[in-house]
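Throughout, numbering of the chain's residues begins at 1 and tracks the sequence. Start at 1 and go down the list; that is how both ligands and their atoms are numbered.
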Amino acid sequence: MDKILVHGGHKLNGTVRISGSKNSALPILAATLLTREKCVIRGVPDLSDIHYMLTILSHLGCDVERASGVASIKAETIRTEAPYDLVRKMRASVCVLGPLLGREHEANVSLPGGCVIGDRPIDLHLRGFEALGAAVRVQGGNVRLFAPTLRGNSVNMRGTHGTTVLGTDNVMMAAVLAPGVTEIHDAAEEPEVVDLANFLIAMGAKIEGAGTRHIVIEGVKELHGTDYTVIPDRIEAGTMLVAGAIAGERLTVSRVRADHLGAVIEPLRAAGFHLETQDSTITISPNGSIKPLHLETSPYPGFPTDMQAQMCALLVRAPGVSVITDHVFPQRFMHVAELSRMGAQIKLQHPTAIITGNGHLSGAPVMASDLRASAALLLAGLAAEGVTEINRVYHIDRGYEQIDEKLNAVGAKIERVKA
Ligand code: EPZ
């Protein structure tokens with residue numbers, strides 16, 4: 001198992017190229033189950049989560065070819081059962097349920113286990129499948145779906161913490177082959193949901209309203225293969241912008257969709273940074289001292305929960321009191337104890353972190369607990385005095401393609417060593 005050593009105090013200058021979106025590629029890869037024809041997906045990042053999804057698709061009977069940045073999948077004949085051993089590695093495996101139900105009218109998939117970022121039920125997904133006519137049974141740790149016939153219907157995706165991203169994706173994928181019209185109300189509006197809808201439309205689906213709270217799907221008889229490129233990863237881009245805020249002189253992220261990052265750009269400007277945006281690049285540079293912020297996460301287009309930890313790492317450096325509340329995953333603060341080991345002053349009153357910024361961090365051995373928490377620790381290490389040693393870096397490799405190499409190329413000093 002590797003660990004990462006971050007040598008603090010090195011300034012970042014230059015351009016970081018952003019990879020394809022993990023949270024787009026995962027449901028799009030699952031959606032290839034909806035056709036017997038070959039699909040070619042481009043811009044697929046080289047991440048362990050992608051590897052897990054491709055392993056599940058192979059297990060389900062797909063022919064899978066992988067080349068740098070490209071995955072070709074042909075789901076000619078498939079089975080509908082996905083075991084615990086495969087599903088437990090990655091929650092997003094749950095998004096094979098919709099395509100299996102949509103195509104085969106049945107599915108038998110292990111329930112994803114617990115998650116350190118908080119409670120993550122799939123009741124809204126199951127509510128959607130039932131509305132389309134499926135019988136749902138949870139037994140022996142598996143979700144079993146069965147529908148002699150599927151029929152379009154009206155579904156509401158609102159839950160206790162707002163809408164659901166993968167729930168919206170799953171219902172959309174189950175509905176594209178269901179005769180009649182499906183209306184999804186309170187749908188998630190994330191760019192990744194729009195990207196999945198565009199992929200399904202490229203396969204021949206009839207979908208309107210993706211990117212709004214009201215999506216309308218008219219079922220079609222069958223879908224065909226296609227060649228599709230996923231959108232850039234807005235969370236990787238946001239993470240790199242925060243790296244530029246913490247340790248940059250002039251850092252540019254390229255191959256981004258600036259229009260997907262409004263909710264990240266705005267608080268960075270409010271914190272006192274200069275940001276220049278163009279179609280596919282964003283450049284960040286300091287603009288006076290860092291200011292404290294009050295931030296609240298919410299579903300898109302609100303401030304993303306997947307950027308909450310990284311912003312904590314930045315606001316530790318802002319003199320004064322910052323307040324961050326996570327309404328989407330109220331328990332998602334595993335990074336706080338580790339940042340405190342580096343000298344941060346953060347008080348937790350779930351779902352809020354109260355940060356008394358002192359601008360000073362010192363390197364220490366810390367433990368990664370989940371994907372975005374591990375990114376926050378790496379970012380904090382860039383500005384800390386001395387060396388920060390991050391253990392369990394497999395968390396970071398789940399969602400960031402070559403993050404250490406990309407940052408070293410713009411001036412950071414990060415080593416990957418055997419633990
Ligand atoms: C997606 O997860 C992302 N994962 C997450 O990113 C992201 O944090 C999350 O959306 C929110 O933006 C992928 O796209 C693979 P949700 P998802 O269903 O769809 C509750 C990362 O770091 N809920 O939108 O699983 C749930 O508990 C990952 O890349 C229900 O109550 O999240 C949460 O509080 C982490 N019932 C809220 O809704 C349900 O049936 C939002 O969760 C489903 C969800």
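Closest heavy-atom approach to atom 10 (O) of ligand 1 among the candidates Asp233, Leu196, Val165: Val165.
Ligand 1 lies within reach of Lys22, whose nearest heavy atom is under 4.0 Å from it. At least one heavy atom of Pro121 lies less than 4.0 angstrom from ligand 1. Not close to ligand 1: Thr160, with no non-hydrogen atom less than 4.0 angstrom away. Ligand 1 lies less than 4.0 angstrom from a heavy atom belonging to Thr163. Heavy-atom distances between Glu192 and ligand 1 stay at or above 4.0 Å for every pair.
On a distance-only criterion, Arg91 and ligand 1 share no N/O pair closer than 3.5 Å. Looking at Ala92 next to ligand 1, no N or O pair under 3.5 Å apart turns up. At least one N or O atom of Leu166, backbone or side chain, sits closer than 3.5 Å to an N or O atom of ligand 1. At least one N or O atom of Leu124, backbone or side chain, sits closer than 3.5 Å to an N or O atom of ligand 1. The N/O atoms of His161, backbone and side chain alike, include none that comes under 3.5 Å of an N/O atom in ligand 1. Looking at ligand 1, you won't find any N or O of Leu371 less than 3.5 Å from one of its N or O atoms.
Checked against the 6.0 Å centroid criterion, the rings of Phe146 and His105 do not qualify as a close aromatic pair. If you look at His161 and His327, their ring centroids are not closer than 6.0 Å.
Taking atom 22 (O) of ligand 1 as the reference point, the nearest protein heavy-atom neighbour is Arg372 NE, 2.8 Å. Nearest protein heavy-atom neighbour of atom 34 (O) of ligand 1: Val328 O, 2.6 Å. Of the protein's non-hydrogen atoms, the one nearest atom 36 (N) of ligand 1 is Asp123 OD1, 2.6 Å. Of all protein heavy atoms, the one lying nearest to atom 9 (C) of ligand 1 is Phe329 CE1, 4.0 Å. In this structure, atom 6 (O) of ligand 1 lies nearest to the protein heavy atom Asp306 OD2, 3.0 Å. When only non-hydrogen protein atoms are considered, atom 3 (C) of ligand 1 lies nearest to Asn23 ND2, 3.8 Å. In this structure, the protein non-hydrogen atom closest to atom 18 (O) of ligand 1 is Thr164 OG1, 2.6 Å. With hydrogens left out, the protein atom closest to atom 25 (O) of ligand 1 is Arg120 NH2, 2.9 Å, a heavy atom.
Heavy-atom contacts of His125 reach the following atoms of ligand 1: 40 (O) (cutoff under 4.0 Å). The contact set between ligand 1 and Arg332, taken as ligand atoms under 4.0 Å from a residue heavy atom, comprises 8 (O), 22 (O), 35 (C). Every atom of ligand 1 is numbered from 1 in the order shown, and the set under 4.0 Å from a heavy atom of Ile122 is 39 (C), 40 (O).
Here Asp119 has backbone heavy atoms under 4.0 Å from ligand 1, and that is the only part of it that gets that close.
Classification of the His185-His214 ring pair by plane angle, with boundaries at 30° and 60°, yields parallel. Between His7 and His10, the ring-plane angle classifies as perpendicular under the 30° and 60° cut-offs.
Look at Asp63 and Lys74 and you find no salt bridge, because none of the NZ, NE, NH1 or NH2 atoms lies under 4.0 Å from a carboxylate O. Checked for salt-bridge contact, Asp404 and Arg416 meet the test: a charged N lies under 4.0 Å from a carboxylate O. Under 4.0 Å is where a charged nitrogen must lie from a carboxylate oxygen, and between Arg144 and Glu106 no such pair does. For Glu389 and Lys3, the salt-bridge test passes: some basic side-chain N is under 4.0 Å from an acidic carboxylate O.
Around the CD atom of Gln278, the shell of radius 6.0 Å holds no more than 12 heavy atoms that belong to other residues, nucleotides or ligands.
Distance alone, capped at 3.5 Å, is enough to place a donor-acceptor pair between the Glu37 side chain and the Gly225 backbone. Checked by atom type and distance alone, the side chain of Glu190 pairs as donor or acceptor with a backbone atom of Tyr300 at under 3.5 Å. With hydrogens and angles disregarded, a donor-acceptor distance shorter than 3.5 Å links the side chain of Thr35 to the backbone of Leu223.
When every heavy atom of Met172 is checked against every heavy atom of Val193, the shortest pair comes out as CE-O, 3.8 Å.
To the nearest 0.5 Å, atom CG of residue Asn156 and atom CG of residue Asp186 are 4.5 Å apart.
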